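This one's a predicted model, so the numbers in the text were calculated from it and none came from an experiment. Per chain, numbering begins at 1; letters A, B, ... match sequence-line order.
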Amino acid sequence: MIQITFPDKNIRSYEPGITPLQIAKSISEGLARNIIIAKINGETWDLNRPVNADSTIELLNVEHPTGKSTLWHSSAHLMAEALEIFYPGVKFGIGPPVDNGFYYDVDLGGKQITPDDFKKIEDKIIELARTANAYVRREVSKEEAIDFFTRKGDEYKLDLLKDLTDGTITFYTQGNFTDLCRGPHIPDTSWIKAVKLMNIAGAYWRGDDKGKQLTRIYGITFTKQKDLTEYLTLLEEAKKRDHRKLGKELELFTFSEKVGAGLPMWLPKGWLLRDQLEQFLRKAQRKMGYQQVATPHIGNKELYITSGHYEKYGKDSFQSIKTPQEGEEFFLKPMNCPHHCEIYRSRPYSYKDLPVRLAEFGTVYRYEQSGELSGLTRVRGFTQDDAHLFCRPDQVKEEFMKVIDLVMLVLNALEFNEFTAQISLRHQTDHSKYIGSDENWVKAEQAIIEAAAEKGLKTVIEYDEAAFYGPKLDFMVKDALGRKWQLGTIQVDYNLPERFDLEYTGSDNQKHRPVMIHRAPFGSMERFIALLIEHCAGNFPLWLSPNQVIVLPISENYVDFAKKVANVLTNADIRTLIDERDEKIGRKIRDAEIRKIPYILIVGDKEQQEGTVSVRKHSEGDKGSMSLDDFIKAINAEIQSKISDLQTVLD
RNA sequence: GCCAUCUUAGCUCAGCUGGUAGAGCAACUGAUUCGUAAUUAGUAGGUCGCAGGUUCGACUCCCGUAGAUGGCUCCA
């Protein structure tokens, strides 16, 4: 007999060779019906795979993340079976589960697949699912595996097999489809009740853009039809938050083919919003000892040769600006740091002067690949809330920690509570693409890890994600569709001070090299605002809202009174509109609600008589009437609350 | 840059297998003077992204190109 330990520490005895499914049945039929996958000693395990030794067991249902990904992994296999029916000879790359479903990379050998084909494939998947074919696990030798895929003519699987040097090789078969797969899988295909193929994309084999491009088919499945319907509704809802849609509706920004792809233009309302954010950060930075500077939008080619950017990105940048002077070339600035280094060089510094913190909302231009451009999140011209801190080596950690505070201040102020802090380090072994000494890299990486740890920041470490000149700490936030974007960033750089020969005089009266920290709490104004729009679905907090109040006269007879009210508010620095249209009040309210204006003031005969306003709050409704003075007090208190939070943190 | 899809009035979208375009909202003009999410009548508005080709004839088919969208690769 073997001893099986359950999560609640209960122990039961079974015959060796018992399967997790049988164990579940021994507890209750209901449990057995619900579970989809097991974990044996922490390892995911097929429900019908025998257990032969004393073990711990966890029985997971489809709601569990592991259960879900198992369902989707099995679904990828089922889609592959369906594809083989419609496209005989199709070759398969990899077919893993992802956050929302699964994909399979396939080589259709010159044949094409379009979204029009989805319906028939989906129908076939459901048809196959109903046969309730079991997913059968089989251990095979490497020779047998190679032989199988050689006969099948699937070079991608053979390529994968090449790298499988240790451990057991397993095949999984359901119906007429056999795949090289570590597993595990759901017991049989009947679990899959609803399927939706989402889209088609090209994907390079093994992520190599020099290599062959396969067709990637994305899909998602559920164990209930209802879950699919709910998922699709959720997607529709997410699309309503899309910053590109809201940006147009709320008149925040626009693009023009004539101006150029990826070059956003801020409309008056968008600018108001952006300006508030900039003021907010400027204020915080002033308190933290930053000095604001401004630098030109272009720089001489020599500047970027010195910085190293010319060599690294020269070919893939906007090309140089020529002048009447033979041989003279300028580049649009892709970063602000070289300019700031030259500002630092403009005077000598003592160790007592450091850190020097130079801040600039600097607009930079980068020639991003055309296929990469996306709304405000990936553009070719954008403004960084940039600053460069020049400090002594002994100040790096403390400065770094202060920047973490500033980034957290920004994220908290805008209520981004769900973010990932990612430490991006060099590739673990291949250091060929980085510049700077090994010693400095080690120092910089250490400084970041320690600073983050001391700030109690929960971080994930990613190798091969560092910038070419140094490691960084990035703050990532998800957009409405679940894609992760980098917002705030902090980067340690020992390299540029070297290249620009930056110095300070130490207490020993010798010249020393300062260390540089690049940092941008918002990252770029464009991307930050894109994420902010999606985060609050266009319902901006009062202090940021482009229009804070709209005054609606009941009829034309009260327009003069409405104007008086609006004037008082404007004089109190409240961004106020007035709707003078000859429309019924219901219509004006509806339009104001759609425009997501935080406060609606309705004025008619009663208000005029009493000198009051009738207050309505966006998406909440009627709040009753109050005197104008009281309203101003209340609204100012609400606006100031964020700013005073800020004061508290900084004091 | 690569793969796929899309581009029709200011906006959102119809337009079957080729016979030179249609709705709602917005805009404009008038009526209405109104109490918490759409008052009403009328008017105007498009070389169907751009440039070629096939055809008696192209919004519709083909080629190219620009832009957008979803991915891949990239991201100082």
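Under a 3.5 Å cut-off, the side chain of A/Arg241 and the backbone N or O of A/Ala480 do not form any donor-acceptor pair. Between the side chain of A/Glu360 and the backbone N or O of A/Thr295 there is at least one donor-acceptor pair closer than 3.5 Å.
Going from the C1' atom of B/A38 to that of B/G24 covers 12 Å, rounded to whole Å. If you take atom C1' in B/C59 and the same atom in B/U20, they sit 9 Å apart, rounded to whole Å. Between the P atoms of B/A14 and B/G53, the separation comes to 30 Å (whole Å). Annotation: B/U60 and B/U54 have their C1' atoms spaced 13 Å apart (nearest Å). To the nearest whole angstrom, the two C1' atoms, one in B/A27 and one in B/U12, are 16 Å apart. A gap of 31 Å separates the C1' atoms of B/U39 and B/A21, to the nearest Å. Taking the C1' atom of each, B/G45 and B/A58 are spaced 24 Å apart, rounded to whole Å. One P atom belongs to B/C13, the other to B/U69, and the distance between them is 14 Å to the nearest Å.
Between A/Ser614 and A/Glu583, the residue anchored nearer the 5' end of RNA chain B, judged by the nucleotide with its closest heavy atom, is A/Ser614. Place A/Ala467 and A/Thr215 on RNA chain B by their nearest nucleotides, and A/Thr215 ends up nearer the 5' end.
Outside the 6.0 Å centre-distance limit, the rings of A/Phe102 and A/Tyr218 are not counted as a close aromatic pair. In summary, the aromatic rings of A/Phe528 and A/Phe416 are positioned with their centroids under 6.0 Å apart. For an aromatic pair to be called close, the ring centres must be under 6.0 Å apart, and A/Phe92 with A/Tyr104 satisfies this.
If you check B/C74, B/G35, B/U36 against the side chain of A/Arg616, the one that comes closest is B/U36. Taking every side-chain heavy atom of A/Ile589 into account, B/A37 is the closest of B/C34, B/A4, B/A37.
Contact annotation for A/Gly207: backbone-only contact, meaning every heavy-atom pair under 4.0 Å involves sugar-phosphate atoms and none involves a base. The residue A/Ile585 sits close only to the backbone: its heavy atoms come under 4.0 Å of sugar-phosphate atoms, none of a base. Using a 4.0 Å heavy-atom cutoff across all strands shown, A/Lys584 reaches at least one base atom of the nucleic acid. The residue A/Tyr103 sits apart from the nucleic acid: no heavy atom pair falls under 4.0 Å. At the heavy-atom level, A/Glu465 lies nowhere under 4.0 Å from the strands shown. A/Lys606 comes within 4.0 angstrom of a nucleotide base, judged by non-hydrogen atoms across all strands. Residue contacts shown for A/Asp208 are absent, as no nucleic acid heavy atom lies under 4.0 Å away.
For RNA chain B, the stems formed by at least three consecutive Watson-Crick or G-U pairs, with both atom-pair distances below 3.5 Å, span B:1-7 with B:66-72, B:10-13 with B:22-25, B:27-31 with B:39-43.
A donor-acceptor pair shorter than 3.5 Å cannot be found between the side chains of A/Asp105 and A/Trp205.
Between the CZ atom of A/Arg581 and the P atom of B/A38 there is a distance of 13 Å, rounded to whole Å. Note: CZ (A/Phe561) to C1' (B/U33) measures 18 Å, nearest angstrom. Atom CD in A/Glu251 sits about 11 Å away from atom C1' in B/G10, given to the nearest Å. Here B/C3 presents its P atom at 14 Å from CG of A/Asp107, a figure rounded to the nearest Å. The CE-C1' distance, from A/Met198 to B/C3, rounds to 18 Å in whole Å. Distance A/Gln491 CD to B/C75 P: 13 Å, rounded to the nearest Å. Distance A/Ile113 CD1 to B/U5 P: 11 Å, rounded to the nearest Å. Nucleotide B/C74 holds its P atom 15 Å from the CZ atom of A/Arg206, rounded to whole Å.
Within the structure, every side-chain polar atom (N or O) of A/Lys588 is placed at least 4.0 Å from both OP1 and OP2 of B/A38. Distances shorter than 4.0 Å separate some side-chain N or O of A/Gln112 from OP1 or OP2 on B/A4.
Screening A/Lys588, A/Arg587, A/Arg616 against A/Glu593 for a salt bridge (Lys or Arg N to Asp or Glu O under 4.0 Å) leaves a single residue, A/Arg616. If you run ring-ring contact (aromatic ring centres under 6.0 Å, His included) between A/Phe331 and each of A/Phe318, A/Tyr310, A/Tyr365, only A/Tyr310 comes through.
Within the structure, no pair that satisfies the ring pair (Phe, Tyr, Trp, His ring centres under 6.0 Å) test touches residues 600-624 of chain A, not counting sequence neighbours.
A donor-acceptor contact under 3.5 Å is not formed by the side chain of A/Glu368 with the base of B/G1. Side-chain atoms of A/Arg587 and base atoms of B/A38 include no donor and acceptor less than 3.5 Å apart. Residue side chain A/Arg378 reaches the base of B/C74 through a donor-acceptor N/O pair under 3.5 Å, judged by distance alone.
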- Message: Treating primed atoms plus P, OP1 and OP2 as sugar-phosphate and everything else as base, which nucleotides of nucleotides 65-71 of chain B get B, S or - for protein heavy atoms under 4.0 Å?
- Response: -SSSSBB
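Under a cutoff of 6.0 Å and an axis angle of 45°, A/Arg380 and A/Tyr367 form a cation-pi pair. A cation-pi arrangement is found for A/Lys120 relative to A/Phe86, the charged atom lying closer than 6.0 Å to the ring centre and inside a 45° cone about the ring normal.
Contact check on A/Arg206 versus A/Asp208 returns no salt bridge, with no Lys/Arg side-chain nitrogen under 4.0 Å from an Asp/Glu carboxylate oxygen.
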